[in-house]
Chemist: 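Here it is: the structure, laid out below.
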Amino acid sequence: MQRLQDRVAVVTGAGSGIGLASARRLAAEGATVVAVDIDETAGKAAAQEAGGRFIAADVSCEDDVRGLFDQVAAELGRIDIAFNNAGISPPEDDSILATGIEAWRRVQEVNLTSVYLCCKHVIPHMLRQGKGSVINTASFVAVMGAATSQISYTASKGGVLAMTRELGVQFAREGIRVNALCPGPVNTPLLRELFAKDPERAARRLVHIPMGRFAEPEEIAAAVAFLASDDSSFITASQFLVDGGISGAYVTPL
């Protein structure tokens, strides 16, 4: 399908995982993709795969974010899709009893403040053209609690979800849709690292998934492409759960 022909898509955190899979999928559907990452090697590789271009940026830095979107608009003439996906989940972010203030702040800056900055600086470009789709990566943990806590990560994703709802409502009549993508656990380098470091903790997550497996990045990318396209033209301010049934489960099949 070429649902995104002639559209310009900016993907942050494009160097790996969901971001990389989404850059590939958006390009396959016809979009011109701008891959954004703080890791130049990974970001350039993603841009090359997507047949697009790479911009290095620290999305927790306002000057970088402002410059990023201004550059894309100046060079490509428009920004139709913003997939604000960059995020971290460091091991220092644990139970509230163990997580220090610096770890808390760093996760908030990368996972929540970056989404605020990206929305703040991309929406004016979309307002000028009267149309756009903003997709913010939240998580299923934004709607559920867990005893195996990553307290700052969970709080940051709850913030992304609440902010997305408000922006979706605020700009709905301006032609701009803003949705929160809420993935379940995904088979990405971050999850594989967790399995390598703490198999027992990782296995506790798997038992709660009705489908009995983790998502593949390509499955999340398919949801991104849907939310980016006109097939989702009446969807805004939503929490778009792609979680294998976790948030709907009381007990799972044996």
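All values reported here derive from a predicted model rather than from experimental measurement.
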Chemist: Check the side chains of Asp70 and His125 for a donor-acceptor pair under 3.5 angstrom, ignoring hydrogens and angles.
Modeler: yes

Chemist: Verify the cluster assignment for Leu117 and Leu161: are they in a single hydrophobic cluster under the rule of side-chain heavy atoms below 4.5 Å apart?
Modeler: no

Chemist: Once side chain to side chain donor-acceptor pair (under 3.5 Å) is applied, do any residues pair with Ser156, and if so which ones, sequence neighbours excluded?
Modeler: Asn111

Chemist: Under 6.0 Å from the CD atom of Gln129, do we count more than 12 heavy atoms belonging to anything else shown?
Modeler: yes

Chemist: Tell me which pairs pass salt bridge (charged side-chain N to carboxylate O under 4.0 Å, His left out) where either residue lies in residues 131-148, with sequence neighbours left out.
Modeler: Lys131-Asp230

Chemist: I would like to know whether Ser133 and Asp80 meet side-chain contact (heavy atoms from CB on, under 4.5 Å); could you show each step before the answer?
Modeler: CA-CA 6 Å; Ser133 175; Asp80 301 285; over 6 Å; no

Chemist: Looking at Lys120 and Val65, would you say the former's side chain and the latter's main chain have a donor-acceptor pair under 3.5 Å?
Modeler: no

Chemist: Starting at CG of Leu68, measure out to SG of Cys61 and round the result to the nearest 0.5 Å.
Modeler: 11.0 Å

Chemist: For Gln108 and Thr113: C-alpha separation, side-chain torsions, deciding distance, then whether side-chain hydrogen bond (donor to acceptor under 3.5 Å, both in side chains) applies.
Modeler: CA-CA 6 Å; Gln108 295 298 313; Thr113 301; over 6 Å; no

Chemist: Closest heavy-atom contact between Gly17 and Pro217?
Modeler: O-CB, 3.9 Å

Chemist: Compare every heavy atom of Arg7 with every heavy atom of Ser229, then report the nearest pair and how far apart it is.
Modeler: CA-NH1, 4.2 Å

Chemist: Between Val122 and Val34, is there a shared hydrophobic cluster once you connect ILVMFWY residues whose side-chain heavy atoms come closer than 4.5 Å?
Modeler: yes

Chemist: Are Met163 and Val178 packed together at the side-chain level, in the sense that at least one heavy-atom pair is separated by less than 4.5 angstrom?
Modeler: no

Chemist: Yes or no on side-chain contact (heavy atoms from CB on, under 4.5 Å) for Thr32 and Leu76, after CA distance, side-chain angles and deciding distance?
Modeler: CA-CA 9 Å; Thr32 298; Leu76 297 177; 4.1 Å; yes

Chemist: Looking at Glu219 and Arg213, does any basic side-chain N land under 4.0 Å from a carboxylate oxygen?
Modeler: yes

Chemist: Going by salt bridge (charged side-chain N to carboxylate O under 4.0 Å, His left out), name the pairs with one or both residues in residues 87-114, residues two or more places apart or in two chains.
Modeler: Asp94-Arg201, Glu102-Arg105, Arg106-Glu109

Chemist: Is it true that a side-chain atom of Glu174 and a backbone atom of Met126 form a donor plus acceptor pair closer than 3.5 Å?
Modeler: no

Chemist: Nearest 0.5 Å, what's the CD-CG distance between Gln71 and Asp64?
Modeler: 11.0 Å

Chemist: Between Pro90 and Tyr153, is there a side-chain heavy-atom distance shorter than 4.5 Å?
Modeler: no

Chemist: When rounded to the nearest 0.5 angstrom, what is the spacing between OG in Ser114 and CG in Asn85?
Modeler: 9.5 Å

Chemist: Run Phe171 and Leu167 through side-chain contact (heavy atoms from CB on, under 4.5 Å) and show every step you take.
Modeler: CA-CA 6 Å; Phe171 294 102; Leu167 295 176; 3.9 Å; yes

Chemist: To the nearest 0.5 Å, what is the distance between OH (Tyr116) and CG (Asn136)?
Modeler: 14.0 Å

Chemist: Can you tell me which residue among Pro91, Ser139, Ser89 is in a side chain to side chain contact (heavy atoms under 4.5 Å, CB included) with Gln150?
Modeler: Ser89

Chemist: Tell me the closest heavy-atom pair linking Pro183 and Ala138, and the distance in Å.
Modeler: CD-O, 3.7 Å

Chemist: Which residue pairs pass the salt bridge (charged side-chain N to carboxylate O under 4.0 Å, His left out) test with at least one member in residues 46-58, sequence neighbours excluded?
Modeler: Arg24-Glu49, Arg53-Glu75

Chemist: Distance-only check: which donor-acceptor pairs under 3.5 Å involve side-chain atoms of residues 246-254, not counting sequence neighbours?
Modeler:
from: Ser247; atom 1: OG; to: Asp243; atom 2: OD2; distance (Å): 2.7
from: Thr252; atom 1: OG1; to: Val207; atom 2: O; distance (Å): 2.9

Chemist: Which residues satisfy the side chain to side chain donor-acceptor pair (under 3.5 Å) test with Ser149, sequence neighbours excluded?
Modeler: none

Chemist: Please confirm whether the backbone N or O of Phe214 pairs with a side-chain atom of Asn187, one donor and one acceptor, at under 3.5 Å?
Modeler: no

Chemist: Could you grab the distance from atom CG of Leu241 to atom CZ of Phe140, nearest 0.5 Å is fine?
Modeler: 10.0 Å

Chemist: Other hydrophobic cluster members with Ile38, side-chain heavy atoms of Ile/Leu/Val/Met/Phe/Trp/Tyr under 4.5 Å, chained?
Modeler: none

Chemist: Going by atom types only, do Asn84 and Thr12 share a side-chain donor-acceptor pair under 3.5 Å?
Modeler: no

Chemist: State which residues pass salt bridge (charged side-chain N to carboxylate O under 4.0 Å, His left out) with Glu62; sequence neighbours excluded, sorted by chain then number.
Modeler: Arg66

Chemist: Is the backbone of Ala180 close enough, under 3.5 Å, to the side chain of Thr164 for a donor and an acceptor to pair up by distance?
Modeler: no

Chemist: So, for Leu20 and Ala46, which heavy atoms are closest and what is the spacing to 0.1 Å?
Modeler: CD1-CB, 3.6 Å

Chemist: Should Val59 and Phe54 be counted in the same cluster of Ile, Leu, Val, Met, Phe, Trp and Tyr side chains packed under 4.5 Å apart?
Modeler: no

Chemist: Salt bridge (charged side-chain N to carboxylate O under 4.0 Å, His left out) with Glu40: which residues, sequence neighbours excluded?
Modeler: Lys44

Chemist: Would you say Val72 ends up clustered with Val36 if hydrophobic residues are merged whenever their side chains have heavy atoms under 4.5 Å apart, either directly or through other cluster members?
Modeler: yes

Chemist: Answer yes or no: is there a donor N or O on one side and an acceptor on the other, between the side chain of Arg177 and the main chain of Ser232, under 3.5 Å?
Modeler: yes

Chemist: Rounded to the nearest 0.5 Å, what's the gap from CZ on Arg165 to OG on Ser238? Could you check?
Modeler: 9.5 Å

Chemist: Checking one residue: Val11. Which other hydrophobic residues are in its cluster under the side-chain 4.5 Å linking rule?
Modeler: Leu4, Ile18, Leu26, Val33, Ile81, Phe83, Ile135, Leu181, Val186, Ile220, Val224, Phe226, Leu227, Ile235, Phe240, Val242

Chemist: Starting from Ile151 and following side-chain heavy-atom contacts under 4.5 Å between hydrophobic residues (I, L, V, M, F, W, Y), which residues can be reached?
Modeler: Ile96, Leu97, Ile101, Trp104

Chemist: Give me the atom names and distance for the closest heavy-atom approach of Gly15 to Asp37.
Modeler: N-OD2, 2.8 Å

Chemist: Is there a path from Val169 to Val115 through hydrophobic residues (I, L, V, M, F, W, Y) whose side chains come within less than 4.5 Å of each other?
Modeler: no

Chemist: My understanding is that only residues two or more places apart in sequence, or in another chain, count here; which of them pass salt bridge (charged side-chain N to carboxylate O under 4.0 Å, His left out) with Arg25?
Modeler: Glu29

Chemist: Where is the tightest heavy-atom contact between Ala50 and Ala23, given as atom of each residue plus distance?
Modeler: CB-O, 3.8 Å

